[in-house]
Amino acid sequence: MTDGTRSEILLRVNGLTHRLDVDNRRTLLDALREDTGRTGPKKGCDRGQCGACTVLLDDRRVVSCLTLAVAADGSDVTTVEGLAPDGELHPLQQAFVQLDGFQCGYCTPGQLCSAVAMLAEHAAGWPSAVTTDVSPERPAPELDAVEVRERLSGNLCRCGAYPSIVRAVLETAARAEVTG
Amino acid sequence: MNASSTSPSPAPTGDRTPTPHPTRTSAPSAGTPEPLLGAVGMARPRIEGTAKVTGAVRYSSDEPMGDLAHGWAVTSTVTRGRIRDLDTSAALTMPGVLGVIDHRNAPRLDLEAGSFFGPDGGMHLLQTDEIPHSGRPVALVVAETAEQARSAARALRVTYDEEPCDVDFSLDHPAARPATSFIGADATVGDVDTELAASAVVVDARYVTPETHGAAMEPHSATAWWEDGRLQIVDSNQGPFLVAMTVAALFRLDPKQVRVRSPHVGGGFGSKSGGCGPQLVLAVMATAMFDRPVRVTLTRSQVFQTVSMRPTTDQRVRIGSDADGRLRAIDHTAAFEVSKLADYLENCTELTNTLYAARAIRTRRSAVPVDILPPYSVRGPGATPGSFALESAMDEVAERLHMDPLELRLRNEPSAGPVSGLPFSRRNLTACLREGARRFGWATRDHRPRTGREGHLLVGTGMAATSFGAGALPSTASITAETDGAFTVAIGASDIGTGARTALTAVAAEALRVPPERIRLLIADSDLGPAWGAGGSRGTTSWSWAITEAAAKLRSRPGGATLPLTVSFDTTESLGELPLMERHSYSAVFCEATVDPATGEVRVRRLLGMFAVGRVINPLLARSQLVGGMIMGLSMALHEEGVRDPATGRHLNTDFAGYHIAAHADVPDIEADFVPDYEPGDPSGIKGVGEIGTVGTAAAIANAVWHATGHRRRTLPIRPDHLVEERPLP
């Protein structure tokens with residue numbers, strides 16, 4: 001059912017299908033929080049400047065506050081709640097807990113979703129603004145602290161957990177390399 | 001409640017998640033009690049860690065609530081004047097709108113209600129047609145959904161009779177008046193002018209720090225509703241008991257009628273302390289008028305415009321020294337902004353009273369009322385801007401003397417409080433300075449400026465010494481010995497990301513001599529009794545004291561008592577018996593920075609802090625807090641500045657694009673560590689770690705920038721345009 005102001009959309013959130021009747025103005029963030037009860041994604045600024053609302057939309061990271069719910073119709077969405085589907089923590093979540101990669105925890109859902117996508121982007125060979133060699137034949141850039149900081153700079157943390165977050169990401173990446 | 005009361009056990013509603021395996025990395029301190037394995041001194045991940053990384057914890061705006069209505073605040077577009085007309089007719093016809101609250105229909109508040117500094121007009125929202133500052137809330141639109149409320153808020157037609165405003169603050173402002181002596185009087189020791197005249201070198205400089213904001217990642221949100229004759233509140237704040245008292249005073253309610261919970265709080269840094277935030281005043285008004293649960297969540301821009309901030313400061317420091325680096329005089333005059341709505345003290349001269357020995361010390365603090373909202377504490381209130389001035393000036397003294405700035409600090413260690421004459425409980429600044437210098441590699445530093453060079457970059461190092469007052473404030477804890485061998489520990493504490501849940505569990509376990517797994521901790525609820533909030537670096541000290549004493553009382557009970565058994569302890573009396581002493585945390589901060597003179601960009605490459613913060617309850621979490629504090633100091637040094645347009649008085653940068661806070665790419669790996677320390681006046685030996693990380697960092701960075709470039713930056717933040725050089729480096 002679609003009239004001038006509302007639309008019916010289909011969202012698969014963490015594997016569960018939701019058929020939602022949403023105000024066309026509703027952001028993906030508000031739809032997740034208010035309509036599907038997924039309050040993991042946070043509204044830190046509502047204008048794409050802090051990254052606390054970051055989720056995976058068809059495996060790519062997006063700021064859900066700048067994504068309209070109607071534009072995500074038919075998509076797969078993974079929120080922080082979906083990173084540990086079977087109750088066992090994602091290695092990155094484990095590393096955040098063990099290395100204290102957060103304090104208040106408000107930016108954490110965004111940091112985690114962003115870092116999961118960032119590791120995949122890096123594995124796929126994407127360069128960042130600090131990658132020195134961006135030629136087509138380049139080898140995959142080495143994932144060091146400078147690369148991680150650059151690639152996660154869209155996720156603000158006012159408690160200043162940055163050094164622990166970077167450590168957690170690097171440790172998780174190194175472990176994945178050993179086991180993977 | 002008093003020291004001998006026995007009350008019914010609180011409802012067991014604590015949220016406990018499995019505790020990850022602890023690792024032992026602590027260094028035991030001399031003279032401390034032997035810690036029990038698994039309790040105090042252990043590096044243990046946060047109790048709520050798993051819940052935080054899975055999105056399971058609920059912050060104020062996450063709480064599910066039936067029949068919820070949403071309030072949207074409307075703020076003034078002028079800085080000073082009166083509301084001529086507020087036309088609600090269009091808004092009231094819009095879908096879902098329940099109503100509009102403004103100064104004509106809002107519940108009347110008690111205008112005597114406020115904070116420690118007296119009545120606070122910042123909280124007295126929607127009471128008159130007067131506009132005292134830009135961004136002042138003028139109405140709240142309440143609707144079924146947030147979109148409807150927001151849309152109707154835009155349809156409100158507000159017109160103003162505008163009056164000229166004044167936001168042009170400076171030390172020389174004609175309205176400057178002596179600041180409140182609420183936290184101690186100004187100091188006058190010896191004769192500053194005579195000592196300055198006799199000094200071999202005299203530094204006389206002005207330092208300016210800008211308006212800065214707590215900018216916690218969680219915007220302030222409150223949900224309020226009436227249930228069984230009580231006002232129920234879920235709110236983002238730093239101390240639910242203090243907030244409940246303020247709400248009761250504002251709305252003339254019996255304090256017993258008000259219950260405030262703040263289960264998880266997304267950061268505070270002072271912005272959620274000081275009484276009652278605007279989100280809560282508006283939510284309580286709305287639930288009274290519409291007889292429904294109402295949630296008011298501020299937008300990020302509204303947080304910047306309506307929530308207290310650190311005021312701009314303008315400070316003059318004069319220091320006179322003998323040729324050998326012994327200080328003769330310190331004269332510190334500090335002015336700060338206040339609002340015309342409420343008094344406040346930005347106690348910039350606090351460190352000057354205790355940090356260094358000098359024959360003469362004079363401090364003068366003045367407040368300048370301008371047309372802004374009331375400022376309040378932001379991380380390291382007073383000490384943070386004050387330290388930037390004092391420690392920059394000390395660096396300038398070392399520069400003039402051609403002396404190692406570290407040695408200058410060591411040479412002026414006082415044996416007793418230079419102003420108070422009181423003994424120090426435990427002063428460990430020298431240990432911080434020496435150990436920090438050793439780890440940083442300070443000994444090889446060439447103290448002349450502009451001597452470090454790496455390609456196109458200038459490289460410099462700088463340091464600062466600092467302290468922050470330690471202490472505790474009255475709090476009450478209850479402990480129930482349960483029939484299953486567990487202990488329910490209840491205290492109205494707040495965990496704003498400090499790790500209070502984890503730390504207090506360890507403290508309770510140690511005090512009760514049981515493993516932490518047997519502690520059920522209840523916090524974040526005003527019904528748990530009077531308690532200080534998470535502020536002033538006094539949260540953990542205040543709460544731990546009450547828990548430790550309650551545990552001692554429980555353990556002193558004769559065996560065979562019927563369970564469950566509850567005891568309570570109020571620390572008011574014990575605190576009053578504490579002998580007067582100078583009690584402070586100490587730190588030394590070292591920084592290496594690079595400056596690119598072609599662009600003016602400053603990069604902090606290394607940052608190291610050595611801290612004497614008393615006994616460390618949980619080194620993992622304490623280190624995180626100190627590193628986070630240092631990052632806030634870095635951010636203050638290089639990025640943050642609340643800008644007000646001098647013509648219109650409006651706050652111009654009310655979002656994270658305009659008000660930059662340090663991001664990942666701005667922050668290097670940072671080292672924070674502890675020297676052995678212990679506070680003899682505290683039952684647990686602790687001093688508090690919340691603020692000292694921030695305090696010395698900005699000066700250490702500014703001093704490194706001077707060392708790199710030869711340019712002394714006395715105004716924060718240090719921006720690229722301050723350092724860009726026309727000529728390329730040779």
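Please read these numbers as outputs of a predicted model, since none were measured by experiment. Labels below follow one simple rule: chain letters A, B, ... track the order of the sequence lines, proteins then strands, and each chain is numbered from 1.
Under 4.0 Å is where a charged nitrogen must lie from a carboxylate oxygen, and between A/Lys42 and B/Glu218 no such pair does. For B/Lys272 and B/Asp235, the salt-bridge test fails: no basic side-chain N is under 4.0 Å from an acidic carboxylate O. Ion pairing between a basic and an acidic side chain is recognised when a charged N comes within 4.0 Å of a carboxylate O; A/Arg167 and B/Asp669 show such pairing. The residues B/Arg623 and A/Asp100 are annotated as not salt-bridged, no charged nitrogen and carboxylate oxygen being separated by less than 4.0 angstrom. Salt bridge absent: B/Asp655 and B/Arg300 never bring a charged side-chain N and a carboxylate O closer than 4.0 Å. With respect to the salt-bridge test (charged N to carboxylate O, under 4.0 angstrom), the residues A/Lys43 and A/Glu34 do not qualify.
Contact tally against chain B (heavy-atom pairs below 4.5 Å) for A/Asp23, A/Leu89, A/Leu83, A/Asp46: the top residue is A/Leu89. The greatest number of non-hydrogen atom pairs below 4.5 Å with chain A, out of B/Gly267, B/Ser301, B/Ala56, B/Pro219, is found for B/Pro219. If you tally non-hydrogen atom pairs under 4.5 Å between each of A/Gly51, A/Pro41, A/Cys45, A/Cys157 and chain B, the highest count goes to A/Cys45. Chosen from A/Gly101, A/Cys104, A/Cys159, the residue pairing most often with chain B at heavy-atom distances under 4.5 Å is A/Cys104. The greatest number of non-hydrogen atom pairs below 4.5 Å with chain B, out of A/Gly40, A/Ser153, A/Ala145, A/Pro163, is found for A/Ser153. Comparing B/Ser635, B/Gly693, B/Ser624, B/Gly214 by how many heavy-atom pairs each has under 4.5 Å with chain A, the most go to B/Ser624. Chain B forms the most heavy-atom pairs under 4.5 Å with one residue out of A/Gly44, A/Gly160, A/Gly37, and that residue is A/Gly44. For the set B/Leu621, B/Leu634, B/Asp666, B/Thr297, the count of heavy-atom pairs under 4.5 angstrom toward chain A peaks at B/Leu621.
When heavy atoms are compared at a cutoff of 4.5 Å, A/Arg151 does not approach chain B at all. Residue B/Ile496 touches chain A through its backbone alone, counting heavy-atom pairs closer than 4.5 Å. The parts of B/Val667 that come within reach of chain A are both its backbone and its side chain, each placing non-hydrogen atoms under 4.5 angstrom from that chain. For B/Ala216, the part lying near chain A is the backbone, with the side chain staying farther off; criterion is any non-hydrogen pair under 4.5 Å. For A/Gln94, no part sits under 4.5 Å from any heavy atom of chain B, backbone or side chain.
Aromatic ring orientation, B/His213 versus B/Tyr659: perpendicular (interplanar angle above 60°, classes split at 30° and 60°).
A 4.5 Å side-chain heavy-atom check between B/Ser61 and A/Arg33 finds at least one atom pair inside the cut-off.
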*With side chain to side chain contact (heavy atoms under 4.5 Å, CB included) as the test, would you mind laying out the steps for B/His264 and B/Glu48 before giving the verdict?*
CA-CA 10 Å; B/His264 290 279; B/Glu48 76 283 9; 4.0 Å; yes

